[in-house]
Amino acid sequence: MQKIPCPWCGPRAQTEFEYYCDASVVDTHFDEESNSEALERVFIRDDYIGFHNEIWQHVAGCRGWLRLERHNRTHEIRGVTACRSDRRREGDPS
Amino acid sequence: MQKYSSLALLKNALTGNANWSPAWRSPEPKAHYDTIVIGGGGHGLATAYYLAKNHGITDVAVLDKGWIGGGNTGRNTTIVRSDYLIEENSQFYDFSLGLWAGLSEELNFNIMFSQRGTVTLAHSEGQLNQLARLANAMLLRGIEAELLTREEVLSEIPVLNGSRDTRWPIVGAFRQPNAGTARHDSIVWGYARAADSLGVDIIQGCEVTGMKIDKGRIRGVQTSRGTINANKVAMVVAGHTSPVAAMAGLKLPIETHMLQAMVSEPIKPVLDTVVMSMAFDGYVSQTNKGEILMGAELDLYPSFSQRGNLPRIEEIARYTLTLFPSFGRLRLMRTWAGVNDMTMDGSPLIGLTPIDGLYINGGWCYGGFKTIPGSGWAFADTLANERPNELIAPFAIDRFMTGRTINENGHGPMPQHH
């Protein structure tokens with residue numbers, strides 16, 4: 001069981017959250033990519049053992065979206081930020 | 001190979017069982033092999049066995065970083081079935097099921113294949129219609145399938161909760177009568193022993209740490225026991241497909257997840273088939289030792305941890321007890337997690353890679369156990385003839401770029417939901 005620090009609600013049990021996808025899937029300027037880049041973004045993953053950026057949702061809590069920096073073997077969480085679509089449009093990947 | 005038989009048992013019993021020879025040798029790795037198979041699990045050993053038996057290629061080494069039977073072959077639910085809707089899956093899984101049925105005799109090793117059938121419960125008319133569609137698709141392809149009424153289900157599996165006033169009332173069921181279970185250790189031991197007797201070197205405790213690639217062609221592998229050269233290298237490491245493929249610079253349509261399963265303490269025989277349900281993803285069955293085997297369910301987030309996880313164990317216990325309230329007094333004996341290299345369409349990656357001489361067999365998601373013989377058979381043919389065997393051609397790794405994905409559940413590129 002992991003304890004996930006929600007930026008809005010504080011530390012909560014993992015069962016309140018749902019994993020959505022690897023952050024690389026959403027970290028892109030959709031208008032600028034070619035077909036092959038888009039296919040690669042949708043289907044291919046850099047599935048190494050180590051820290052990954054992931055998109056999670058606090059589904060059984062505030063329903064906010066968050067970005068976790070989480071280790072996929074130890075499950076250590078090194079960082080969490082709120083997902084902000086407006087920031088991504090301005091070129092800030094967080 | 002020392003043949004196992006009643007006579008051999010008797011003879012060795014009379015000599016105090018002191019004269020049994022080891023089931024396979026433990027040779028030092030040679031400097032060069034024709035073919036190296038990375039991964040001594042079920043698929044790797046089956047590949048080596050069929051390379052030697054069907055194609056006469058015996059200059060083969062199977063490398064495993066641990067011991068035979070210590071990986072995902074020992075971390076599953078041992079169910080063998082072929083009830084798939086999509087044509088490509090159906091043909092391949094049913095071919096594999098056919099091979100299972102003859103393996104004990106072929107390998108001279110009792111793999112305890114028990115065709116006790118699988119029963120998938122429907123809890124609504126809609127679910128029963130869905131199962132009828134599946135059964136019809138299977139029957140059209142010549143695969144055994146049948147539908148059961150509510151009364152038939154409850155008379156054949158009396159331990160099920162037959163109340164209509166429950167979360168999942170039983171409306172009917174689908175059965176694949178020739179599906180079943182097998183002993184997980186026996187399948188690897190049987191293939192290892194048979195492959196060894198045909199001349200294959202099985203090298204345990206030999207971890208591959210890198211690939212030797214020269215001008216787009218594989219030349220061998222670096223291992224914890226030195227460099228070993230080879231004409232062909234096959235990665236058969238389902239569970240750790242991504243990290244091993246990364247050694248060759250390959251990125252794949254895989255995200256790795258954990259699958260949780262568990263067994264109770266052993267009890268007397270009470271459940272003589274495998275029960276599935278349209279309400280959840282796992283199985284409930286009784287092992288030959290008497291344990292109630294429950295699971296498996298994905299953790300639903302990426303992980304390589306290979307650890308049990310209480311939320312999923314609770315979930316599996318919850319649905320098992322909804323269907324089988326009388327199991328509520330049992331104590332859990334053991335839980336485990338298998339590593340699932342979940343692909344983006346829920347189907348395996350098997351065949352050639354962009355690197356000459358390097359082959360891949362992985363991405364089995366949580367369906368690897370049932371396909372061990374079929375995968376080994378078709379993959380050995382692929383390796384020997386350097387082109388995809390027709391059974392596995394649809395599972396080529398480039399299918400994602402061409403749009404020909406094989407998505408049995410239709411969930412799209414969300415690996416946690418396949």
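- The ring of B/Y301 has its center closer than 6.0 angstrom to the ring center of A/H75.
- Most heavy-atom pairs under 4.5 Å with chain A: of the set B/M414, B/M344, B/H417, this distinction falls to B/M344.
- Put simply, the residue from A/W8, A/Y20, A/W56 that forms a ring-ring contact (aromatic ring centres under 6.0 Å, His included) with A/W65 is A/Y20.
- Side-chain atoms of A/D47 and B/S242 form a donor-acceptor pair, as typed in the model, at a separation below 3.5 Å.
- The choice from B/Q416, B/R312, B/Q306 that makes the most heavy-atom pairs within less than 4.5 Å of chain A is B/Q416.
- B/H240 touches chain A through its side chain: at least one heavy atom from C-beta onward sits under 4.5 Å away, while N, CA, C and O do not.
- Heavy-atom distances place both the backbone and the side chain of A/D22 under 4.5 Å from chain B.
- For chain A, no part of B/M258 is nearby; none of its heavy atoms comes within less than 4.5 Å.
- For the set A/E54, A/H52, A/Q14, A/H71, the entry with the most heavy-atom pairs within less than 4.5 Å of chain B is A/Q14.
- Ring centroids of B/F92 and B/F395 are separated by less than 6.0 Å, placing the two rings close together.
- Proximity to chain A is limited to the side chain of B/R307, based on heavy atoms less than 4.5 angstrom apart.
- Two rings, from B/W364 and B/F369, have their centers 6.0 Å or more apart.
- Looking at B/I254, the atoms closer than 4.5 Å to chain A (heavy atoms on both sides) sit in the backbone and in the side chain alike.
- Only the side chain of A/Q2 comes within contact range of chain B, with heavy atoms under 4.5 Å apart.
- Salt-bridge annotation for B/R318 and B/E315: present, with a side-chain N of the basic residue lying under 4.0 Å from a carboxylate O of the acidic one.
- A cation-pi arrangement, defined by a distance under 6.0 Å to the six-membered ring centre and an angle within 45 degrees of its axis, is absent between A/R70 and A/F51.
- Salt bridge present: B/D345 and B/R399 bring a charged side-chain N and a carboxylate O closer than 4.0 Å.
- With respect to chain B, the highest number of heavy-atom pairs below 4.5 Å among A/Y48, A/Y19, A/F17 belongs to A/Y19.
- B/E255 touches chain A through backbone and side chain together, each having a heavy atom under 4.5 Å away.
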